[in-house]
Amino acid sequence: MKRFILTLTILFSFVALASAKQLKYVDATQLNIIGKVLPTPKPFTRVDTEKYPFEDKTIQRYAEFSTGLMVVFSTDSRTIAAKWKTSPVNAGYNMNSILYKGLDLYIKKDGKWIFAGVGKPLMGKAPYDEHEGIIVENMPEGTKECLLYLPVFDRIDALEIGIDENAAIAPMDNPFRYKIVFKGSSVTHGTAASRPGMTYPARFGRDNNFYVCNLGFSGRSKLQKEYARIIADTQADAFVFDAFSNPLADEINERFDDFVDIIRAAHPHTPLIFLQTERRETRNFNMLIEEREAAKQKAAEEQITERMKTDRHIYFITSEDFLGHDHIATADGSHPTDLGFTYMLESISPKILKILKKYGIR
């Protein structure tokens, strides 16, 4: 019996080895990496922290994440795999490892981006920094247009795409039009989405064929001037701000005008669309949170209303329906799940699209 088991083990090892030999790997930097607001010296980093330094070390670390970045390529391979290297950090308490460190693949079918598979990070044993696996296999023959989202809450130090040994792979042009930048808090960052392509900015982009860049900075989006300077240097057709989730009422009152002034000096006529912060479920019974959040919402509405008197290119979208009304749309009372983002998009998408249409963006 032991000899039989040993024989099977050796046989399976040879099969696995043979399967592995059938794949070849291509450095993703040879393909097309999109989703950055501005060029960066590191291929998988969304903000150049040398040019735009932050005193806050957490912000500095978040800036190096691959949040919102995508690799676009075409291949006739029937298998798509990946090898990638991240930081050794484990996933957060309110997110899963696929969102945190994994990959999310979409393939175009009948003119739409359809989910194809995920790159599952190897989390069985620390240090959680080396990952490898097949994303999708046994696909039909023919050339596929591929869109691969990179991790939302980690950096990528290296990435290789695996394809069948006899297959071809090539960089693809950016398949999206216009450029819409989303700047915001952990909600925009995508904290409780199920996978990288399910954040609300990513979904808004795919749903409408817009080129969307994600500048979500979890817990650290407080109308700082550093962010405004990045946005001022960024050429985009529109900016959408989840700007009022993190700052307290006093911070909103103190910083809002300076934040907008910096942006307006560079983009006098570009639409700036501000989203009211969601009504967090944590307010339901905690009166201290209720008081604080109500004050934030009041300050935001007052600041926006006043600014709109002299700036006809600023817009404000209220948040009554962001989380629905059935109390099942967050992971922890604050961060929307995929369902929460569905409710949110159902609320904001028609309003954003109506605004963009005024500027010929459709």
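All values below were derived from every heavy atom in this structure, side-chain atoms included, with hydrogens, water molecules and symmetry-related copies excluded.
- Between His189 and Tyr62, the angle of the ring planes goes over 60°, which puts this pair in the perpendicular group of the 30/60° scheme.
- Here CE of Met70 is found 11.5 Å from NZ of Lys36. Values are rounded to the nearest 0.5 Å.
- Within the cation-pi definition used here (under 6.0 Å to the ring centroid, within 45° of the axis), Arg195 qualifies as a partner of Phe115.
- Ion pairing between Asp154 and Lys101 holds under the 4.0 Å rule for side-chain N and carboxylate O.
- Ion pairing of Lys296 with Asp250 is absent here, as no side-chain N (NZ or NE/NH1/NH2) approaches a carboxylate O to less than 4.0 Å.
- With rounding to the nearest 0.5 Å, the separation of CD in Glu226 from CG in Asp56 is 9.0 Å.
- Counting heavy-atom neighbours within 6.0 Å of Glu301 CD, excluding the residue itself, gives a total of 12 or less.
- Because its NZ or CZ atom is both nearer than 6.0 Å to the ring centre of Tyr106 and within 45° of the ring axis, Arg206 counts as a cation-pi partner of that residue.
- A cation-pi contact links Lys83 to Tyr25, judged by a cut-off of 6.0 Å to the six-membered ring centre and 45° from its axis.
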_Using the rule given for side-chain hydrogen bond (donor to acceptor under 3.5 Å, both in side chains), can you reason through Thr277 versus Ser245, listing the C-alpha separation, both sets of side-chain angles and the distance that settles it, and then say yes or no?_
CA-CA 5 Å; Thr277 185; Ser245 295; 3.1 Å; yes

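- Ring geometry for Tyr178 against Phe210 counts as perpendicular: the plane angle is over 60°, on a 0 to 90° scale with 30° as the lower cut.
- Here the OG atom belonging to Ser194 is positioned 7.5 Å from the CG atom belonging to Asp104, to the nearest 0.5 angstrom.
- Crowding of Glu130 atom CD: a count of heavy atoms from other residues, nucleotides or ligands under 6.0 Å exceeding 12.
- Heavy atoms of other residues, nucleotides or ligands lying less than 6.0 angstrom from NZ of Lys120 number 12 at most.
- A salt bridge is absent between Asp76 and Lys144; no separation between the charged side-chain nitrogens and carboxylate oxygens falls under 4.0 Å.
- Taking the side chain as every heavy atom from C-beta outward, Asp258 and Lys225 approach each other to under 4.5 Å.
- Every pair passing ring-ring contact (aromatic ring centres under 6.0 Å, His included) that includes a residue from residues 324-348 is listed here, sequence neighbours excluded: Tyr200-Phe341.
- Within a 6.0 Å sphere centred on CG of Asp326, heavy atoms belonging to other residues, nucleotides or ligands number more than 12.
- Every residue two or more places apart in sequence or in another chain that forms a salt bridge (charged side-chain N to carboxylate O under 4.0 Å, His left out) with Glu302 is listed here: Lys298.
- Placement of Ile80 and Val26 within a single hydrophobic cluster is found when ILVMFWY residues are connected by side-chain heavy-atom separations under 4.5 Å, directly or transitively.
- Looking at Thr75, its side chain does come within 3.5 Å of a backbone N or O of Ala168 through a donor-acceptor pair.
- Between Phe244 and Phe256, the two ring planes are tilted [angle within 30° to 60°].
- Remark: Asp242 engages no residue in a salt bridge (charged side-chain N to carboxylate O under 4.0 Å, His left out) (not counting sequence neighbours).
- Checking side-chain atoms of Arg220 against main-chain N and O of Gln60 turns up no donor-acceptor pair under 3.5 Å.
- Of the candidates Arg283, Arg280, Arg279, Arg280 is the only one forming a side-chain hydrogen bond (donor to acceptor under 3.5 Å, both in side chains) with Glu293.
- Rounded to the nearest 0.5 Å, atoms CD (Glu254) and CD1 (Ile252) are 10.5 Å apart.
- For residues 72-96, the ring-ring contact (aromatic ring centres under 6.0 Å, His included) pairs, not counting sequence neighbours, are Trp84-His131.
- Note on Leu38 and Val181: same hydrophobic cluster, where clusters join Ile, Leu, Val, Met, Phe, Trp and Tyr whose side-chain heavy atoms are under 4.5 Å apart, directly or indirectly.
- Taking the centre of each ring, His313 and Tyr359 come in below the 6.0 Å mark.
- Phe241 has its ring centre no less than 6.0 Å from the ring centre of Tyr315.
- Rounding to the nearest 0.5 angstrom, the gap separating the NZ atom in Lys222 from the CD1 atom in Ile59 is 9.0 Å.
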Would you be so kind as to tabulate the donor-acceptor pairs closer than 3.5 Å made by side chains of residues 155-163, with sequence neighbours excluded?
{"residue": "Arg155", "atom": "NE", "partner": "Asp157", "partner atom": "OD1", "Å": "2.8"}
{"residue": "Arg155", "atom": "NE", "partner": "Asp157", "partner atom": "OD2", "Å": "3.1"}
{"residue": "Arg155", "atom": "NH2", "partner": "Asp157", "partner atom": "OD2", "Å": "3.3"}

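- No continuous path of ILVMFWY side-chain contacts below 4.5 Å connects Phe44 to Phe65, so the two sit in separate hydrophobic clusters.
- Under a hydrophobic-cluster definition in which Ile, Leu, Val, Met, Phe, Trp and Tyr are linked whenever side-chain heavy atoms come within less than 4.5 Å, directly or via other members, Ile348 and Leu353 are assigned to the same cluster.
- Salt-bridge annotation for Glu306 and Lys309: present, with a side-chain N of the basic residue lying under 4.0 Å from a carboxylate O of the acidic one.
- Residues Val37 and Val72 do not share a hydrophobic cluster, defined by chaining ILVMFWY side chains whose heavy atoms lie under 4.5 Å apart.
- Between Asn94 and the options Thr330, Thr191, Asp332, a side-chain hydrogen bond (donor to acceptor under 3.5 Å, both in side chains) holds for only Asp332.
- Looking at residues two or more places apart in sequence or on another chain, you find a salt bridge (charged side-chain N to carboxylate O under 4.0 Å, His left out) between Asp129 and Lys85.
- How far CD1 of Ile314 is from CE of Met308: 8.0 Å, rounded to the nearest 0.5 Å.
- Of the possible donor and acceptor atoms, one in the side chain of Ser77 sits under 3.5 Å from a partner among the backbone N and O of Thr79.
- Taking the six-membered ring where the residue is Trp, the centroids of Phe204 and Phe182 are separated by under 6.0 Å.
- Taking the six-membered ring where the residue is Trp, Phe176 and Trp113 present tilted rings, their angle falling between 30° and 60°.
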